[in-house]
Amino acid sequence: MITIHDILEYMQIAITQTDSADFMKIDICPKFESVLSEIQITLNDLYFAMENLRTWMQPEYNIGKNLATRMDDCFIRREPLGVVLIIGAWNYPLHLILLPLVAAIAAGNCAILKPSEICQATEQLLAELIPKYLSQDCYAVLCGGAEDTKSLLKNKFDHIFYTGSQVVARSILLAAAAHLTPVTLELGGKSPCFIYGHIDIQKAAKRLCWSKFFNTGQSCVAPDYVLCTAQTRDALLPALRETLQTFYGPDPGASPDMGRIVTPRHWRRLMDMLEKSKGKVVIGGESREEDKYIAPTVLVDVLESDALMQEEIFGPILPILTIESLDEGIDYINRQEKPLALYVFSDETSVVTTVLNNTSSGGFCGNDGIVHMALPGLPFGGVGASGMGSYHGRWGFETFSHRRGCMNRSWLLERVNVLRYPPYSDYNLGWLRWATTFKKNSWGGCSVM
Amino acid sequence: MSREQKAVERARKAFLTGRSKPLEHRIRQLKNLQRFLLEREKEIAEAIKKDLNKSEAGTQLYETLGLEGEIILAVKKLAEWVAPRPVEKNLLTISDTVYIQPEPLGVVLIIGAWNYPWAVTIQPLIGAIAAGNAAVVKPSEVCVHTAKVMEDLLPAYIDKELYPVVTGGVSETQELLRQRFDHVFYTGNSMVGKLVMEAAAKHLTPITLELGGKSPCYIDKNCDIPIACRRVTWGKYSNCGQTCIAPDYILCEPSIQGRVLEEIKKSIKAFYTEDPKTCPDYGRIINQRHFKRIMAMTEDSTIAIGGDSDESTCYIAPTVLKDVQVNSKVMQEEIFGPLLPILTVSGVDEAIDFINKGEKPLALYIFSPDDKVIKKVIAETSSGGVLANDCLVHYSVSALPFGGVGNSGMGSYHGKFSFDNLSHLRGCLIKQLKMEGVNDMRYPPHTAKKLFWARFFILKNPDLGFIGRMTLLTIIAVVAAMVLQVRGGRKVCVWGGGW
């Protein structure tokens, strides 16, 4: 695993030193963001895994037993699954391949990596570096497009880890069904962001802007849209303007810290949404086709039926929907598919708790955006349409492991065993019930035999 | 709207009212379920007798005792299981609240099997109720009488909108699978398992598949053969071999095959008398189709014990086949019947190789007095679960996850694993809007110095006590105060000499 560390170090040097626009997604993402979101987060998880792997690999012995099984050894082993397939996405092409790879290696598997073909420079870099640093027998990088992925999926894997869209996820699950392969799907959705109640609007605006426009909004956990009252909105807009000015200066298009959309096709999709939207653009709105630029844009008076509210935006466009009450907002969220992330900005604990208790989402972050992803202790994954399974930290290790329940029975106490053998009798059954039924003060764990 | 659609919609509506979530509701429903098992013991046993010819004691032993245990465990532990689970933090989040909150998924579909219709249908239901979900229960149609008891009597004890029982055959199950669920829990065979997974794929629904396979049983020549054989006999012929974790076949050295046969014969006689056909504790094959399937498997092997059968009553005697070859019919699929093939191997290494050539089984059994041998087999093979020196009983240890791997299934349950499997573990981070100075390092405009500090804070995961945390907070506050943001766009980062 130390060698993934080497790869990451090499990439970090390459990113921070090169000015080449053709390198990785330098052309779309500021170096600072790349380093943090691609290198650092992976390094973090890697160090975490290296530090804890020995513990994770230990058989878990602390299992409750009852009278009948007191003489036995019960433990849970974590074992490798075999060969896993990791399919990456284009928005964080490095970390979405390497972070699952760290977990797969930690769990003792071999892996086939299929990076996104959209980020060709990263794809090529991975294809070049992985065989150099990692065992070529155990870990391979396969490059290709949709057709190649389809062929790849005809093979049997012991686990498939996919990051991307729901449409493709369905076909991956179907392909996995043919081999009864378990799957982890890291998808997305429209991650709502409440700004409600008493709140320091300046700070909230800063954190909201940072999480929204990081990587030009092309994050699966970017706050997709804002829900707030008209009053809050009126206070929010100037704060957003001020923050954007501080972040990117008067012309974000000229700022080195503002990214770009990944391909002309994705740019066109966003522009279409923007053009069809009936909301009012109050900040930004400028765009340039030549370099796939869209300014940080905020719209108000956006309704549920708006073009911007039908699918995940995945771009630097922030609609603000006005609500009259928290319940209205919660009802709205619950009418949609379960999102990958849900955000609430509020000083009032009751607001945070109400939203938490009445909604469901992959993960939740109060008073900030995205950063819950960086904690290896939290499982990162979706629920419902936003995905299934999770990873990061120990969760990744568990995802790529088989939890095997093991029991080593004693040869003794065969006389007790006699109770369970035929010929069956009520008398024996009575004793067995007594010996095995869970008692009020005994250890956790109940056994029939 | 079809009957199935209606049931699912009602369940979803009921779930959306929120009434399945409160702890008191879950515990009350579980206790009602327990009452059902106790009060309706008679009806349950009668139905099982008609469906599977199991004796009343057998029913309790194998079906309901385990369920009662799971309910008692869930009721006792539920408050602990539903509570937020704290998580380790990094420097940046040291003053924040970080935890994992288990939440219900929504509406779960539980498809039961016929071999232990109560155990494999109700046990997932216990997990579903404990986790706060609604659940549509689809018992196996093969156990006609049991399905009827579930359909008629369960609604009198547990919330019939939240937990409806929907009976029916293949087409009703297919109709159910067209609906959208938040989790599908299927127990059965791999073929249907694939179809269930395909149906679930359309809605991106996560699934648990409890399938099967050929569970190998290695008997070391140095072990206590009489005890081993007694345990294997019990494990194999309970429920007439129709157990997903029954020892499917035996691997042993040729030198002990004779002894093994002798001891198994003795045990069969002790358990089921000289004439198992007349013994009330010996079951029957579920139906003629399976009867024919199992009998066909004996065609190309040598019968050493038993072998007699009666198609009219679906009776197959406890049978042992010896010197079985790898390519014989009985070794091509899971037997799921009272045929016990013995294959001879030269030792534990050959046994391991043999096991690894097949699909990963649901269970693996090793009988050996030598812990080294046991450890070796465990380390060099893979299976859903492992049990050394006995059969079946690992199923009933709630603290062990019960489930398959590879072809034998995905996901696991029992005890807390049921609860976690049918919950969404939601990662929650609740920050404060204070300490914004520290956050500043991540905002544009970006500088190398900011990146340095960002890396420093994100990378450390301290495990500090209260004093440690307070000290660190003080240091952070000082650092934050020292990182000055000069108005007018020029950034200045000041390092104190103390560092």
Side-chain angles (χ1 to χ4, degrees), chain A residues 30 32 35-36 40 44 48 63-64 69 74 76 79 166 169-170 173-174 177-178 180 182 200 203 210 247-248 257 352 360 363-368 372 374-375 377-380 383 385 388 402-409 411 414 421-424 426 429 437-438 444-449, chain B residues 55 57-58 60 65-66 69 72-73 87-88 90 93 98 103 190 193-194 197-198 201 204 206 224 227 234 271-272 281 374 378 382 385-390 393-394 396-402 405 407 410 424-433 436 443-446 451 454-455 458-459:
Chain A
F32 184 95
V35 172
L36 266 188
Q40 284 315 126
N44 191 24
F48 189 77
I63 306 263
T69 52
C74 290
I76 302 173
E79 299 178 349
Q166 280 152 21
R170 276 192 189 91
L173 256 184
L174 273 169
L180 287 173
D200 181 332
K203 291 193 182 138
W210 179 79
F247 282 5
Y248 307 115
D257 297 328
V352 175
S360 183
F364 178 91
C365 185
N367 296 322
D368 210 332
H372 63 294
L375 289 177
L378 283 180
F380 180 70
V383 65
M388 55 177 83
H402 168 50
R403 236 181 359 197
R404 192 180 193 189
C406 304
M407 186 174 180
N408 191 347
R409 280 281 263 175
W411 286 98
E414 187 59 7
Y421 297 143
Y424 299 132
D426 283 338
L429 188 58
T437 304
F438 192 79
C446 169
S447 169
V448 172
M449 310 302 159
Chain B
S55 59
Q60 280 197 45
L65 204 56
I72 293 171
L73 177 69
V87 151
E88 77 176 81
N90 67 9
T93 51
V98 192
E103 294 179 344
S190 319
K194 288 182 185 165
M197 192 166 169
E198 274 174 22
L204 286 176
D224 184 330
I227 296 186
W234 173 77
F271 294 167
Y272 307 116
D281 293 329
I374 294 172
I378 294 181
S382 182
V386 181
L387 174 52
N389 304 325
D390 208 337
V393 297
H394 63 298
S396 56
V397 178
S398 303
L400 287 177
F402 182 76
V405 64
N407 260 37
M410 55 179 85
H424 169 52
L425 299 178
R426 190 185 195 183
C428 301
L429 167 62
I430 307 193
K431 294 179 67 92
Q432 305 301 317
L433 280 175
E436 190 60 4
Y443 298 143
H446 300 312
L451 183 55
R455 292 184 61 188
I458 289 173
L459 275 188

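Residue numbering restarts at 1 for every chain, and letters A, B, ... go by the order of the sequence lines.
Closest of all the heavy-atom pairs between D281(B) and P423(A) is OD2-CA, 3.1 Å. The two residues Y248(A) and P444(B) make their nearest non-hydrogen contact at CE2-CG, 3.9 Å. In this structure, N389(B) and R409(A) approach most closely via the heavy-atom pair ND2-O, 3.4 Å. Residues W411(A) and D224(B) come closest through the heavy atom pair CZ3-O, 3.8 Å. The shortest non-hydrogen separation linking S190(B) to L180(A) is CB-CD1, 3.8 Å. P401(B) and G405(A) make their closest contact through CD-CA, 4.1 Å (heavy atoms, listed as atom of the first residue, atom of the second, distance).
Taking CG of N408(A) as the reference point, atom CD1 of I374(B) lies at 4.5 Å (rounded to 0.5 Å). One finds the CD1 atom of I76(A) at 6.0 Å from the CG atom of L400(B) (value rounded to the nearest 0.5 Å).
Residue with the most contacts toward chain B among A178(A), A385(A), C406(A), G363(A): C406(A) (heavy-atom pairs, distance under 4.5 Å). Of the listed residues (L425(B), I227(B), D390(B)), the greatest number of heavy-atom pairs within a distance under 4.5 Å of chain A belongs to D390(B). Ranked by heavy-atom pairs under 4.5 Å with chain A, the list Q432(B), K194(B), H394(B), E198(B) is led by K194(B).
When atom types are taken as modelled, the side chain of R404(A) and the backbone of I378(B) share a donor-acceptor pair closer than 3.5 angstrom.
Contact of V87(B) with chain A is made through the side chain alone, with heavy-atom distances under 4.5 Å. Contact annotation for H372(A): both backbone and side-chain heavy atoms come within less than 4.5 Å of a heavy atom of chain B. Proximity to chain A (any heavy atom under 4.5 Å) is shown, for M197(B), by both the backbone and the side chain. For F402(B), no part lies under 4.5 angstrom from a heavy atom of chain A. Of the atoms belonging to E103(B), it is side-chain heavy atoms, and not backbone ones, that fall under 4.5 Å from chain A. Heavy atoms closer than 4.5 Å to chain B are found in both the backbone and the side chain of A169(A).
Side-chain contact check for L378(A) versus V98(B): some heavy-atom pair is nearer than 4.5 Å.
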